[in-house]
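Each remark here refers to the structure printed beneath this line.
Naming: A, B, ... by sequence-line order, numbering from 1 per chain. A quick note: this is a predicted structure, and the numbers were derived from the prediction, not measured.
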Amino acid sequence: MAMLDIENLHARIDGEHGKEILKGLSLKVNPGEVHAIMGPNGSGKSTLSYILAGKEDYEVTDGSVTLDGEDLLEMEIDERAAKGVFLAFQYPVEVPGVATMTFLRASLNAQRKKRGEAEISTPDFLRLVKDKAANLGINQDMLRRGVNVGFSGGEKKRAEILQMAILEPKLCVLDETDSGLDIDALKVVSEGVNALRSPDRAMIVITHYQRLLNHIVPDFVHVMNQGRIVRSGGKELALELEANGYAEYQQDAA
Amino acid sequence: MNADIRPIRTPAEQAILASLDAVPAGTDRLADLRRAAARSFEEHGLPHRRVEEWKYTDLRSLMREAVPVAGSAAVAEADARARLLRGVEARRIVIANGAVVPELSDLADLEEGLTLTTLKAAMEAGDEVLSRIGGIVPSRYDASLALNTALSRDGVVITVAPGAKIARPVHVAHVFASAGAAAMYARSLVVVGAGASFTYAESFEGPDGLAYQANSATEFTVGDGAHLDVVRLQEEGASAFHLSTLLFDVGRDSQVHAFTFGLGAAVARTTLYATLSGEDSHVGFNGATLLKGRQHADSTLFLDHQVPGCESRELFKTVLDDNARGVFQGKIVVRQAAQKTDGRMMSRALVLGDEAEMDNKPELEIFADDVQCGHGATCGAIDDELLFYLRARGIPMKEAQSLLVQAFVGEAIETIEHDGLREALVERAEAWLAARA
């Protein structure tokens, strides 16, 4: 059984005349696999990531999504997180007044509680954050500040990866994690992601560019267009896309 | 025709008028003030929605109960009920039913430069400091203050000598401790000498389910170069009526900060008056109000910049759950002489309940031509994007809301300088949120 099984997923923007964005998307992701989803703007990549995380702005009109056989679409947003779904946001929001440390701890403990585990002790938590933060070049000052407040684009992305490293999700969905990153930051973030690769964990890496996939090497590459996966292949597909662009797929769809 | 035109009195007005008959006779200045206040109440009665300052808090229709003035409280009862801010290291004075309870009050071993007595004792002794009472006169009739002036029998009278730095706060704990609904009045006076620094805290509490009425007024006279911090916590019982007035006369080069935190009462109105009468001073009025059920709370400010070069900053945060109603009125007056005034006022409301309501009324009245003044008001729900972000990390809805509400009010609470008081108020906000979850 696949860890994540998306079957003929149709979804539209919530509301009476909401535009249909996903039009029959199917994807199976097994533990240990890294899947890259590439595609032009407006193909529905970010929508897919939001629907997996449970954002309420979309309505699923057909199809199913299961995580380890359980209906993901029936779960509350926080329940999905506790089950191991993690979305690294393309544009992480700033949360003034909620210190990063407070937020990390509240997140970790909420997930543990939901899974019936004990809360983490203060010393264990501090040690955990210290270790993970150091690898990502995140300093104490950033941890004391409000979540993402005053962070640069690169810092926000590193903070997302820090959250991922601390929460240790089962399924990581990275939504254009490379956007807004310079080469050095891209390297740091990619190393952070690679450190989390494991046989038990799956990743979906959404990106426009092949560049990220030089650092995070995928097992599978999917091309998405018009709300569906139109082609799948190995990592070499990314190179082909880089050379030829998406024009061919867009013409197909038109 | 020579018939008297008598307004129709509501039962509450009639009860108050009956109380006013008990205003003691006397020939001194205070007695004159009391009689004048009683007369002004007889003339105007309770304010209603056509009186601009009370537009959103129509006392005539809100104050339905007619209750007598409270008798004295049993010491044990007062002690048991005065719980707020107990953990804060402070000199504690308990005022139960409007009278200082000496057995529960720390009136001895005063720091050098600190004078502290009760209003009752000061009146009996004919203390000269009482000439300061009634020194700050609002430009319009204020029913709440008039009743306080007419009916208060006790309170605290504090003098901080020039230059004295009093590190330990004085905490005046007001408590209602009777079995039946009644009204309590307390009047206090704080005179901070030139160059002195002082922290004054007051709290208000009483039992739920009893429609008692609390009316408090405190006057602060702040000398040149002085530093005054005021922190107040209002957690009256759920059926109570709370009216309070804080008046400040601010001297030159001084720093005055007041924080008002409102959680309790069915109906609460807190009015702050500041007269900036000395140049180059800074006044910061901040507040937070957390309301639920059908609570109604009104924070009204009047800042009167009379002289050049002063700065005033106001930040008020209101959180409204259920059917609660919040009111913020703030008026900054900049007199012609008050050039280089810098005034900024902001009221922000966070609406959690579908039926909640916020009324914001900021006003500027500027007669000088070289000033910087601004005001703003916002009112909105919790940002869905923020909620989604927190929930996507596993934080359940209520807890995510709590974190965001805490952050929202935290911005105002953080302005409190005194660590112990600030932490105590954070803890009260957390308790409010925990009760909600």
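Contact between A:P96 and B:A407 at its shortest, heavy atoms only, is O-CB, 3.3 Å. The two residues B:R393 and A:Q111 make their nearest non-hydrogen contact at O-NE2, 2.9 Å. Closest of all the heavy-atom pairs between A:A110 and B:I395 is CB-CA, 4.0 Å.
Highest contact tally toward chain B, considering only A:A53, A:A106, A:A82, is held by A:A106 [criterion: heavy-atom pairs under 4.5 Å]. Contact count against chain A (heavy-atom pairs under 4.5 Å) is highest for B:R391 among B:R391, B:Q406, B:E414.
For B:E363, the CD atom is densely surrounded, since the number of other residues' heavy atoms within 6.0 Å is greater than 12. The neighbour count for A:K130 NZ, taken as heavy atoms of other residues, nucleotides or ligands under 6.0 Å away, does not exceed 12. Annotation for B:R294: atom CZ does not count as buried by contact number, only 12 or fewer foreign heavy atoms lying within 6.0 Å. Applying the 6.0 Å contact sphere to CG of B:D354 captures no more than 12 heavy atoms from other residues, nucleotides or ligands.
Note that CG of B:D384 is 8.5 Å distant from NZ of A:K55, once rounded to the nearest 0.5 Å. B:L390 CG to A:F103 CZ: the interatomic distance, rounded to the nearest 0.5 Å, is 5.5 Å. Remark: A:E160 CD to B:Y389 OH distance equals 3.5 Å, nearest 0.5 Å.
Side-chain contact between A:E76 and B:M397 is absent, with no heavy atoms from C-beta onward closer than 4.5 Å. Side-chain contact check for B:L386 versus A:V93: some heavy-atom pair is nearer than 4.5 Å.
The ring of B:F388 has its center closer than 6.0 angstrom to the ring center of A:F89.
Looking at A:P92, the atoms closer than 4.5 Å to chain B (heavy atoms on both sides) sit in the backbone and in the side chain alike. Residue B:E385 touches chain A through both its backbone and its side chain, counting heavy-atom pairs closer than 4.5 Å. With a threshold of 4.5 angstrom between heavy atoms, A:E56 approaches chain B through side-chain atoms but not through N, CA, C or O.
Ion pairing between a basic and an acidic side chain is recognised when a charged N comes within 4.0 Å of a carboxylate O; B:E399 and A:K113 show no such pairing.
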